[in-house]
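As structure tokens, the structure follows; a few thoughts come after it.
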Amino acid sequence: MPSGKVHNYLYQNHGSLCLEDVSEAWGFGGFRFSNGAIYADLDNDGDLDLVANAVASPAAVYENKATTINKNKWLQIKCKGPAGNPAGIGAKVMVTAGGQHYYMEMSPYRGFYSSVEPIFQVGLGEHKNPVTVEVAWPGGGYQRLEQVQPNQRLILDFAQTGEGQLQLPDVGSAVTFAKDGKAPKFRHQENDFEDFDQEKLLPHRFSRQGPCLAVADVNGDGLEDVFAGGARGQQGELFVQSKSGGFSSMPQPAFAADRSFEDTGALWFDADADGDPDLLVVSGGNEMPRDGADYAPRLYRNNGKGQLSRDAQALPAISCSAKAVAALDFDGDGDLDLFIGGAVIPGFFPMGPRSYLLKNDKGIYSDVTAALAPELQNLGMISSVQIADLDGDKRPELVLAGEWMPIQVLQWNGQSYSLATTKFGLENSSGWWNCLQAVDLDGDGDQDLVAGNLGLNTRYKASPEAPLRLFAKDWDANGSIDPLVAIADNGDYVSTIMRDYWVLQIGAGNVKKLFPRHTRYANAAITDMYAPEVLRSGITLDAKMLQSAWFENQNGHFVVHDLPYEAQVAPMYAIVCQDFDQNGLPDLLLLGNDSGLEVETGRQDASNGVLLMQTRKGEFTCIPNRSHKLWANGDVRSAAMPDKQTLWIGNNDGLLQAFSLQ
């Protein structure tokens, strides 16, 4: 076993969750076997020094010269606690300086046999004026000190505690959310299926894409109702709104008969032009074999009173694991045609699934994809669709987002659809797109785009110059597709897949011929695994950006703007665009998380829901969750607003959440 010595790492915080590796610049370039570290102000100069223990070598003491170099102000606070707790473990301190609030809790433990010096260290930057210090002691007790001078160590004595309570600052929010007690108790219940048993090298599960939510006035009473899709083995439900604002489930025998389907996308629209909304539900997932009846879309006719019955003759016999669906009148004949976007070919990731354009002829639909939109037959893995007039010519475009593909635009020329992605400047927008919204975000009269991506809080990295790359082929000729996700590294591409997983996928014999030991595999480029001509004979897909973003429409050409970093902490699956604070500019609520990524990447569940308020055109401020009080930390897959004051959030394998907008 090689030694594996590495240098210690230190990251400088630049704010907004962005950290820079300054290890070598700040004096940690030496290679060591460090196995423990603590910090303390060893020389009492106001900055924190470091001590790092190591195996088979002396401990290292690193003197910090920050206060000498940058002359920043500081404050140290030491607690003199009660008997049994002399260091004041559990005390909470808040320092207020120049409108900034610094909040800390006393917990000095830093690993096995490691504790830092039990002090509060507050960096004040260039702030020279006196500050306010508040402390809340464990078990009760409060102190407040005014006019505390910087650049000193302050001793807080529990014996001097008084009455009061520490109040966290209210950063203010023009909008708050409250749990809606009138919402139905609906729980999405995933069935027991593991994608990785079937396809070991998937980047994430495709069987956990529900529930879908769709809103319409189903029974004609002037109130919006909600359809919530079920997982495989669970029927969907229709919730009808009462005049009091509550919702109750309206039994639908047709849903009970179709409980074997996985409901991943839904759309209310008037299919037969009789004045009431009908329901189209598309089926998704990854469990059943490709081309099976389990992936058939279903059209349910409405009798005008909210009672639905499935019309088995309305749709052509197609099989498509999908979740993106939209209604549009592409031929201008006055009725609504359909688009259904293929999300994946079950068992054959990442082969491009077929998407469908269906023409409406008096409520009966025919497949016209090959004739009118041939590029939809192998465009990519579609996650979301929007119908929007991007160039102002009164003919809406078909805008598609998906995985390992750019945001694609198909334009209608009066006779057929053709790709116009490059025309709109979106050719370099390939990513892992999960959701898409078209909205006039900057108020200039044209349609912009907002798109939810994988985010920047993963081990994957991508850029236009060094995209994340996917190589796929039946490498071992056994009839299955073997995908390899690779990341750029100094001009080469290296596999992100551990050798053991590659062995499980293509067999130990195939791997051991090339890489008998892990060391050789760890240092191998993709071209060491397979010759360039072999790689070119398979599927190659790129992701050039992983950040969620909005695309500004500038006279029919889109310019990308990254959303604030708080929106990049997790994959985003649902977007709500609404002027929450009523300042005339649309705001954004992004919802997501994904617990279904492969084990080497792990759970991506850092989002609690991200509310971005647009303060000026194109400029967004993230409002903390503790201010707006919306907490959505499940695996969100959908969101809907039955009215402008009510928000429903659909969680995969979890309870439906409902909030009232205050």
Side-chain angles (χ1 to χ4, degrees), residues 11 16-21 201-204 206 343-344 349-350 352 379-384 400-408 421-422 425-436 449-472 483-498 524-527 529 535-536 538-551 558-573 575 590 592-594 596-598 600-607 610:
Y11 291 87
S16 299
L17 305 180
C18 295
L19 296 106
E20 177 190 2
D21 183 359
L201 301 184
L202 283 177
H204 66 85
F206 282 89
V344 67
F349 172 88
L379 190 58
M381 297 177 283
I382 310 298
S383 301
S384 188
L400 308 173
E403 297 189 36
W404 296 99
M405 60 179 281
I407 294 177
Q408 300 276 27
T421 303
T422 301
L426 293 167
E427 65 275 11
N428 290 317
S429 64
S430 56
W432 284 17
W433 303 110
N434 299 311
C435 54
L436 179 69
L449 300 172
V450 186
N453 210 339
L454 176 69
L456 301 177
N457 193 19
T458 77
R459 65 186 181 130
Y460 298 124
K461 306 297 177 187
S463 69
E465 299 75 26
L468 189 67
R469 186 156 287 173
L470 175 65
F471 300 94
L484 272 173
V485 177
I487 194 167
D489 181 30
N490 295 322
D492 291 323
Y493 273 91
V494 296
S495 172
T496 63
I497 298 167
M498 290 176 62
I526 289 292
T527 50
M529 301 172 68
L535 294 172
R536 287 193 293 268
I539 299 170
T540 302
L541 300 173
D542 282 353
K544 295 182 179 180
M545 56 184 299
L546 298 178
Q547 64 270 32
S548 295
W550 77 279
F551 297 82
F558 284 91
V559 176
V560 62
H561 302 280
D562 295 353
L563 290 173
Y565 204 87
E566 291 87 348
Q568 313 296 346
V569 299
M572 295 301 170
Y573 281 87
I575 304 169
L590 290 95
N593 294 327
D594 193 351
L597 275 77
E598 43 76 30
E600 294 169 58
T601 300
R603 298 167 63 96
Q604 302 297 309
D605 58 355
S607 174
V610 181

Handout entry: Value rounded to 0.5 Å, distance of CG in N428 from OG1 in T421
Key = 11.0 Å
Exercise for the section: Might you work through the side chain to side chain contact (heavy atoms under 4.5 Å, CB included) test for W404 and V485, ending with a clear yes or no? Expected result: CA-CA 11 Å; W404 296 99; V485 177; 4.3 Å; yes
Problem - Heavy-atom closest pair, residues P350 and P483 - result: CD-CB, 4.3 Å
Handout entry: Distance in Å, D542 CG paired with M405 CE, rounded so as to fall on 0.5 Å steps
Key = 13.5 Å
Exercise for the section: Side-chain contact test, heavy atoms from C-beta onward, threshold under 4.5 Å: evaluate it for S430 versus K544 and give yes or no. Expected result: yes
Practice task
Report yes if some heavy atom in the side chain of T527 is under 4.5 Å from a heavy atom in the side chain of L535; otherwise report no.
Solution key: yes
Completion exercise
In short, N593 meets S607 closest at the heavy-atom pair ND2-O, 2.8 Å
Practice task
Kindly indicate whether the side chain of L597, heavy atoms from C-beta on, has any atom under 4.5 Å from the side chain of L454.
Solution key: yes
Problem - Atom pair OG/CH2 of S383 and W432 - distance to nearest 0.5 Å - result: 11.5 Å
Problem - Value rounded to 0.5 Å, distance of OG in S495 from CZ in R469 - result: 14.0 Å
Exercise for the section: Could you label the plane-to-plane angle of the F471 and Y493 rings as parallel, tilted or perpendicular, counting under 30° as parallel and over 60° as perpendicular? Expected result: perpendicular
Handout entry: L17 and Q568: CA distance, side-chain angles, deciding distance, side chain to side chain contact (heavy atoms under 4.5 Å, CB included) verdict
Key = CA-CA 10 Å; L17 305 180; Q568 313 296 346; over 6 Å; no
Practice task
Please examine the side chains of Q547 and L563, heavy atoms only from C-beta on, and report whether any two atoms are closer than 4.5 Å.
Solution key: no
Practice task
Provide the closest heavy-atom pair for L468 versus A462 in the form atom of the first, atom of the second, distance.
Solution key: N-CB, 3.7 Å
Handout entry: Trace of the side chain to side chain contact (heavy atoms under 4.5 Å, CB included) decision for K461 with I487
Key = CA-CA 7 Å; K461 306 297 177 187; I487 194 167; 3.9 Å; yes
Practice task
Might you point out which heavy atoms bring S548 and M572 nearest each other, and give the distance in Å?
Solution key: OG-CG, 3.9 Å
Exercise for the section: Compare all side-chain heavy atoms of S384 with those of W433 and state whether any distance is below 4.5 angstrom. Expected result: no
Handout entry: Donor-acceptor pair, side chain of N457 and main chain of V569, under 3.5 angstrom
Key = yes
Practice task
Find the distance between OG (S429) and CE (M545) and round it off to the nearest 0.5 Å.
Solution key: 7.0 Å
Handout entry: Heavy-atom side-chain contact between Q604 and T458 under 4.5 Å
Key = yes
Problem - Gap between atom CD1 of I526 and atom CG of L484 - 0.5 Å precision - result: 5.0 Å
Practice task
Go through the steps for I407 and F558 under the test side chain to side chain contact (heavy atoms under 4.5 Å, CB included), then give the verdict.
Solution key: CA-CA 11 Å; I407 294 177; F558 284 91; over 6 Å; no
Handout entry: Heavy-atom pair with the smallest gap, counting every atom of P203 and F349
Key = CD-CE2, 3.4 Å
